Amino acid sequence: MTAFDLLSEPIRKYIRDQRWESLRKIQEASIPRILQTENNYVIISKTASGKTEAAFLPILSKVNFKERGVKVLYISPLIALINDQFVRVEKLCEYLDIKVTKWHGEASKAQKDHLIKNPEGIVLITPESLEAMFVNRPYNIHHLFSKLDYIVIDEIHSFLGSERGVHLKSLLSRLQQANENRFKVVALSATVSDVNEYAELKDYLGNSEDTKIIRDNTPKPINVIFKYFPGPVTELPLDLLKDLYVRTHDSKVLVFPNARGRVEEVAVKLKMISERVGGHKNYFSHHSSVDKEVREYVEFFAKNASLQNFCISCTSTLELGIDIGNVDEVVQIDATNSIASLIQRVGRSGRREDKSSNLCLYSTDKWSLLQSIACWLLYTEKYIEPIQVTEKPYDVLLHQILSIVKGSSGLYLVELLDKIAKNPTFSNITEIEVKDIINHLNQIDFLEKLGNEYIIGVEGEKVVNNKDFYSLFHTPTFFKVSSNGVKIGELPLTPQVREDENVYLSAKIWKIKYIDFESKKIEVIPAKDGRKPLFLGDAADTAHLIREKMLEILFSKEVYDFLDQVGQLVLQYFRVELSVFKVTNVKKQRPLLNSNDNIFFYSFAGSQINKTICLLFEEIGIDYRYDESCSIFQFKHSELDLLEKIKATKLNDDQINQILYKHLERNPSMINFSKWGAYLPLRFQAEILKNKLYNFDECFTFLNKIDYVFNEHDVD
DNA sequence: GACCTGCTGCGGCCTG
């Protein structure tokens, strides 16, 4: 029997009505497996290869929807993705008379109420909405979701390795605890590459024995072009913009310039060039600080612009699977911080099966060029940075303790401990540690003991009853920008934000007329000339793998024909510049440049290792400078012996803790990258720092492994 | 110079 024959008749009719010539490879593979086994599956396949159908065609054929209760729960990281998938899944479900309900913060209340009256069919939800239900309406969890057959998790890679992912893992376990029968999980992803990560994925889905991987490895042809236009960080070179304009004026393009300020710069300046030469007007910007309705309009325009060209300058907001239709070319300005990101971005072009992807990588300095080459080579070698596993997610545990207690009407300690013990998310955290955290929450009035039962305490109520409770990530508050009642976006309060200052936002130029500090609002009017907006933020971490590859490229003789002529020359000069070091083994050796009074240490190490080295320098009292963009440390020649000293240092766990306590006491805000970590006892905060911000194990392994290679002759 | 993600309940106002 073919995969098609295995499907139920209504589904086959749906396929015939769609006039599909055949099923996609990934669907052929998934249909018999999902239909004929009770396993969990991870479906890995390229963007737009029919993954959603690969999951839903067999699930809808298999599941008995006659029984009362929601049978399939689809979980997505984005509201926009839920709205897209709703249209697709509902169309499919019309053939089977199955109800599909959206459940997220912007979904209709009436539809939600209707579902509560008639719990049935399929629900599309976000992790945060699920959390909110556990907290505020725990009986609805049971009422709606205790008869689940399948859970589908979309874009699973966006959860792996993040606190949000740990949060979801905990919610999945709590859902399983509310179900009499074991539900199956089908996870979808475009970017899981290394076979080593399968174990991680299987563990994530909670049942490694019964979890299988289905993947389509068919390569997709990609045309890649590298272009080099040197310029300062502050402003993009005009030549680059002109070149970009000429390349893209008669096609559909996504440009990824890595930062919101630069996104605006690209959108506004390309639009100005286009106006001057009479090109199309469809230049947009798309990032988290562009007003939501404006962003939705941009997405709508792109999806429906079959006859019109457009150019959207964007951040990672357009990285995940939101449907914006077909794009001819993807442009990356300066290197991505991860290979995963590069994969997602490349996947946005050439979405049709017969079309190849087009990628153009611009660089504005030699380090960025080097990083771009590294990411590209690793991409072609099918590497992805490893997933960061949190062994002991104390901060998520603290949040989940509050959630469990709030969702109950008083809980004995044994009951609370039992619920946590049953949740594999926290299996590496000991019962003693859990009790410590509960006691601490009691002390700071987040929990309170009423008789022998725990309830939420006075301080806890403030936190738990706030709408900010449901997520595991921070969002800064910005000033809302509008013009004459029309919402445009938002800006952080930087020195740049002053009355009469002109600024770019939403691909337009504005003059700031009035700032209302009380209500955090900015009123603007259109203007002719201005500057790109400044956003506060930290650079994303760069993986060790990428930095190591950069060193490898510098000390290899390989000629890359994908580079343009200037790029070839820049790389050649760069190699000559570093040839003063006789590096023969890139795994073990690191350059140390002796120049006048200063030493430059080229660590070529991942951001976490470098941050840990910074902490060690501070601890020893070395006066140093560190540049994250090129992974270089600079310090006085007189400190040279200290580098050897650090190398010889083997701090034990206790010593590391003492250092971290000292830093935390001096600067408590250093834990703030973890939203809930700030409420933990100090020693748990130190553990979070040790595993998330720093990495002492890898840092010492790295330092012990490497030999310093000095320059052979003097350099000015 | 530096990414992104989500959101309950309730009171109050408006419209049909």
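Quick note on labels: first sequence line is chain A, next is B, and so on, each numbered from 1. All values reported here derive from a predicted model rather than from experimental measurement.
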Scan Ala259(A) against the nucleic acid and name what it touches under 4.0 Å (heavy atoms): base, sugar-phosphate only, or nothing.
sugar-phosphate

Separation of Asn610(A) atom CG from dA2(B) atom C1', in whole Å?
16 Å

Could you pull out all residues at least two apart from His157(A) that satisfy ring pair (Phe, Tyr, Trp, His ring centres under 6.0 Å)?
none

Contacts under 3.5 Å, N or O only, protein and nucleotides 11-16 of chain B:
none

Rounded to whole Å, please give me the gap between CD in Gln496(A) and P in dG1(B).
11 Å

Qualifying residues under side chain to side chain contact (heavy atoms under 4.5 Å, CB included), relative to Ser108(A), sequence neighbours excluded:
Ala110(A), Gln111(A)

Using whole Å, what does the distance between atom C1' of nucleotide dG1(B) and atom CG of Leu534(A) come to?
8 Å

Intra- and inter-strand pairs of DNA chain B in dot-bracket (Watson-Crick or G-U wobble, both distances under 3.5 Å; | for another strand):
................

Length of the line joining Gln332(A):CD and dC3(B):P, which is rounded to integer Å:
13 Å

Return the set of residues passing side chain to side chain contact (heavy atoms under 4.5 Å, CB included) with Lys487(A) (not counting sequence neighbours), or none when no residue passes.
Asp291(A), Glu293(A)

Strictly under 4.0 angstrom, non-hydrogen atoms only: write out the protein contact profile of nucleotides 4-10 of chain B, one letter per nucleotide from the 5' end, B, S or -.
SBBBBS-

Only residue of Phe446(A), Phe473(A), Phe469(A) satisfying ring pair (Phe, Tyr, Trp, His ring centres under 6.0 Å) with Trp676(A) is Phe469(A)

Ser519(A): what forms a side chain to side chain contact (heavy atoms under 4.5 Å, CB included) with it, not counting sequence neighbours?
Asp516(A), Lys521(A)

Applying salt bridge (charged side-chain N to carboxylate O under 4.0 Å, His left out), can you list everything that pairs with Asp334(A), at least two apart in sequence or on another chain?
Arg262(A)

Could you tell me the separation between the NZ atom of Lys611(A) and the C1' atom of dA2(B), rounded to a whole number of Å?
12 Å

Residues which pass salt bridge (charged side-chain N to carboxylate O under 4.0 Å, His left out) with Asp323(A), listed by chain and number, not counting sequence neighbours
none

Once salt bridge (charged side-chain N to carboxylate O under 4.0 Å, His left out) is applied, what residue pairs with a partner in residues 123-133 of chain A remain, sequence neighbours excluded?
Glu128(A)-Arg164(A)

Figure out the CZ/P separation between Arg262(A) and dA2(B), and round it to whole Å.
9 Å

Going by ring pair (Phe, Tyr, Trp, His ring centres under 6.0 Å), name the residues that satisfy it together with Phe256(A), two or more places apart in sequence or in a different chain.
none

When the aromatic ring centroids of Trp367(A) and Phe574(A) are compared, is their separation below 6.0 Å?
yes

With sequence neighbours left out, what residues match Lys227(A) under salt bridge (charged side-chain N to carboxylate O under 4.0 Å, His left out)?
Asp243(A)

